[in-house]
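Order of the sequence lines fixes the chain letters, A, B, ..., with proteins taken first and strands second; residue numbering starts at 1 for each chain.
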Amino acid sequence: MTEVLRLDHVSKSFGNKEVLKDITFSVNKGEIIGYIGSNGAGKSTTIKIILGLVDDYQGDVYVLGENIRGQYEYKRRIGYVPEVSDMYDNLTAYEYLSFIAMLYGIEEDKAVAKGKEMMSVFGIEGAIHGRIHTFSKGMRQKLSLVTGMLHNPEILFLDEPLGGIDANSVLVFREILKKLKEEGKTIFYSSHILEVVEKLSDRILVINEGKIVVDGTMADVMSKQTDASLESIFNEVTGFHDHEVLAQKYIDAFLS
Amino acid sequence: MNDFFSLRVLDLLQGMFKKLDINYEVLRAILKTKLILDGRRAPVINTKEKRREEGKTSLLKGNLLHLIFGVFLAFFIYFIRDEMIRMMYFSGAFFIMTTMYLISDFSFVLLDTSDKNILMTKPLDSKTVSLAKVLHIMIYMLRLNTFIAGPSLIAIVMTSSPLTIPVFILEIILMDLLIFLITAFIYLLVLKFFNGELLRNIINAIQIMLTILVTIGYQIAIRMIDFTDLQNISYKFHVAHYFNPILWFGAPFEIMSNGGKGYLYVFTLLILVVPIVSFILYLNLSKNMESLLLKLEGEGKEKASKHRIEKLVGMLINRNEISRQSFKFSNAMFRSDRNLKLKIYPALSTGVLLPVLMIFNMGVGGEIEIRGSEYLFLYFNLLIFSSVYSLVNYSSAWQGSYVFVSSGFRETSELYRGLMQAMAYRFFIPLIILNGIVYTIVFRFKFLIDIIVLLIASIAIMPLIGKIYLKLPFSKPLDESNQKDSYAKFFLSLGIVGLMALIHFFFRALYMGIWIYLAVLILVLPIIWKFIPQGMK
């Protein structure tokens, strides 16, 4: 197995708040990793460190065998789809695709043709000459999926990538991820929506309050529980059992 | 995509960039995209212009206001003979205008955090990205300089030796650098010690000030400056001037035309040293800026302020819970919607200006002669109301107005009552009081009773004008507010205001008439506020 990603004792604080606490894990080529945790658990910070968006962290991060501190060339081999994509909203999708292609050093015509083809899979190729600020949330996210994969990355980092996307496109996207795995691509899928992660991942990493509390294959993780659902495992490891109490509190407020 | 002249100029320097290990192709691609986006961005201060389409606005049209200001500045250069004084006026005005434009128009470049997420997730070295940012700002400033300082350069050519041209151009570049650095340092300080929300509010306040300055500033400035006087002023040195950069920039010109004195050489040295030292300091601190900018990433949180006076006023004037809530809600919207403020305050500033201009015009060529009817100018204030009324139908957060519909809300009369109370509290009463202060300064207490009458009259007619203009408040996109309301509405409100002025004039002519009128207004006011809003849907 070829290791393509390794985090070695990574910690990160914002002010007095320690967001990541001595995180260590590695990912092999061709794996689909489900990286799950509650809101604020440290998922996005982990990905931002790997992408080089946050640099004052402790520990080491290796991507495709290279320590990424101070490096940027490795980004040519990784792709990123964030939960909310920052884009230049006053560009058309066509112009934005051309721009992204230029940043990756891909020939413009080829990239735009490829982008248009990928957009057609999600049914938005007709909007290629529309300004991005006119796009719906789902359309933006679909464009973000396309631009994140335009350069044929070896590792794909997905941070809640399916927000606002319609059910049919979610099905298509799940199939795409499976086929990418067959092509030997590695997928690091961060989400708090357990159902999608459960259906896709070979391996689960659970982060809770900045610490990795579960690391294992789906089969391993499931076999340790009597109630074999990812949801129950997640509740167990994050120590969350108050859902009924909180729901009742909400209803009481609602009816008052 | 179009190609830009500035990029073609930059192409000539690509060999140098490559030697500096800069990825020129990427640098060019980023700059090209930024320039396209600049062309499509709605300008901050040209409030009449809608969002630009496809960057078709011509260079001259987009910079017409800058050019007018530039011509205005050139007058100083042309008329004033003392080298120090003329450059003092020039650099003072240049500093103020360029800083305000930079902050208003370009803060988003200095403070952009989305850029980081778009660009730094790609295989780009930070050196190329930072250089692109600096060059983007430089291209903007160069464009601004061409129009603001260009006419002055022509005036220099007409009045001085050609040798002064390169000195003038070099000074402009150094002033730009200093302006950029001062702005960046201010941002750095605010972000270091306060939160991003304060910085956003400061930028908004400067945008409003600039809009007001551009809308009405020329009117005042032209009337206030006596060009014949300016020709005879001469500069006198004081040690404190070493700390005033505005005064440094005349020194090289003074040396060239009249020979040097010790302090002139120090000024010249300061022109060179201060920007360069500041730039080195900035390079060291800019790393810090990146992490401070993270403060801007989170959505702004308004400080849990108590707004005690506002609450008290709301309680005192409202017995109805809905109108009280509407008063509170409208005040919160007026406080927080920065883009709406950017439209309302300049409109109000015109209200302050019109009566003042009338007084100025009366005084042209000598002492102000009081005719006794000057209070009528204050009715221009009431005309301004109509533009504010029209604007409160719009908001940046217009999409939130769905709650009025989805909740099946019916008590619109109370909603409008609270809204109009907030408008009176926040805009109209302060506007009239401000004008009242100006009138009291100019005319002493001669028109005090008229100002009180006007204040009550203005509150009394609010529901009438509201009935003409108001639709569901904050319910339409602000971009659409440039579409003019119908002339019929304007003439109707003009008629109401004209009638009020006429009634005022009539009662004033009667013995004790003004007091009778005031009493009538006080009696009628609650009746109008009770019944008129009832018909508003």
Side-chain angles (χ1 to χ4, degrees), chain A residues 13-15 44-45 47-56 63 68 70-92 94-108 111-112 129 131-134 144 147-148 150-151 153 157 159, chain B residues 1-2 7 21 23-43 51-55 108-109 112-130 132 136 192 195 287-288 290-299 399 477 479:
Chain A
S13 299
F14 290 111
S44 294
T45 306
I47 292 182
K48 282 183 177 171
I49 287 175
I50 299 168
L51 288 162
L53 291 174
V54 175
D55 53 7
D56 51 344
V63 175
I68 63 161
Q71 303 299 314
Y72 60 89
E73 274 300 330
Y74 75 95
K75 293 178 194 174
R76 215 172 281 286
R77 297 165 70 187
I78 64 174
Y80 172 49
V81 180
E83 181 181 11
V84 180
S85 298
D86 281 314
M87 293 182 190
Y88 296 131
D89 283 0
N90 265 331
L91 293 183
T92 63
Y94 181 97
E95 288 166 338
Y96 190 64
L97 282 170
S98 307
F99 177 63
I100 296 296
M102 175 64 105
L103 298 184
Y104 282 110
I106 313 169
E107 198 186 314
E108 187 182 324
V112 170
H129 293 295
R131 295 263 180 96
I132 298 171
H133 71 79
T134 63
S144 177
T147 53
L150 195 65
H151 56 295
F157 291 92
D159 189 359
Chain B
M1 292 189 197
N2 304 319
L7 293 182
D21 210 20
N23 186 336
Y24 183 72
E25 282 71 31
V26 167
L27 178 80
R28 199 183 194 284
I30 297 172
L31 277 173
K32 188 175 176 178
T33 302
K34 295 286 180 182
L35 293 174
I36 290 170
L37 291 169
D38 287 349
R40 292 177 187 175
R41 190 162 44 89
R51 186 185 279 270
R52 294 176 191 175
E53 290 301 321
E54 301 300 335
F108 77 98
V109 174
D112 198 2
T113 51
S114 64
D115 233 17
K116 189 177 177 185
N117 294 332
I118 296 172
L119 298 175
M120 296 317 289
T121 51
K122 311 295 180 296
L124 311 175
D125 65 318
S126 53
K127 202 158 71 173
T128 303
V129 175
S130 302
H136 183 204
K192 176 89 186 161
N195 57 17
K287 187 83 184 159
N288 205 352
E290 288 295 315
S291 60
L292 288 172
L293 283 180
L294 289 174
K295 283 191 177 183
L296 289 168
E297 271 200 334
E299 266 305 301
Q399 283 156 319
D479 279 353

| Residue pair B:Arg40, A:Leu91: steps toward the side-chain contact (heavy atoms from CB on, under 4.5 Å) verdict | CA-CA 9 Å; B:Arg40 292 177 187 175; A:Leu91 293 183; 4.2 Å; yes
| task | Starting from the C-alpha separation in whole Å, work towards a yes-or-no answer on side-chain contact (heavy atoms from CB on, under 4.5 Å) for B:Lys32 and A:Met102. | result | CA-CA 11 Å; B:Lys32 188 175 176 178; A:Met102 175 64 105; over 6 Å; no
| field | B:Asn117/A:Tyr80 under side-chain contact (heavy atoms from CB on, under 4.5 Å): CA gap, chis, key distance, verdict | value | CA-CA 10 Å; B:Asn117 294 332; A:Tyr80 172 49; over 6 Å; no
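Proximity to chain B involves both the backbone and the side chain of A:Tyr88, based on heavy atoms less than 4.5 angstrom apart. Contacts between A:Ile100 and chain B at a heavy-atom distance below 4.5 Å involve the side chain alone, from C-beta outward.
Note that the CD1 atom of A:Ile47 and the OG1 atom of B:Thr121 stand 12.5 Å from one another [nearest 0.5 Å]. Note that CD1 of B:Ile36 is 10.0 Å distant from CZ of A:Phe99, once rounded to the nearest 0.5 Å.
Taking every heavy atom of both residues into account, A:Leu53 and B:Lys116 meet most closely at O-NZ, 3.1 Å.
For the pair B:Ile30 and A:Leu103, the minimum side-chain heavy-atom distance is below 4.5 Å. Using a 4.5 Å cut-off on side-chain heavy atoms (C-beta onward), B:Thr33 and A:Glu95 make no contact.
With chain A as partner, the option from B:Leu37, B:Asn23, B:Val26 having the largest number of non-hydrogen pairs under 4.5 angstrom is B:Leu37.
A:Lys75 places no side-chain N or O within donor-acceptor distance of the main-chain N or O of B:Leu124, the cut-off being under 3.5 Å.
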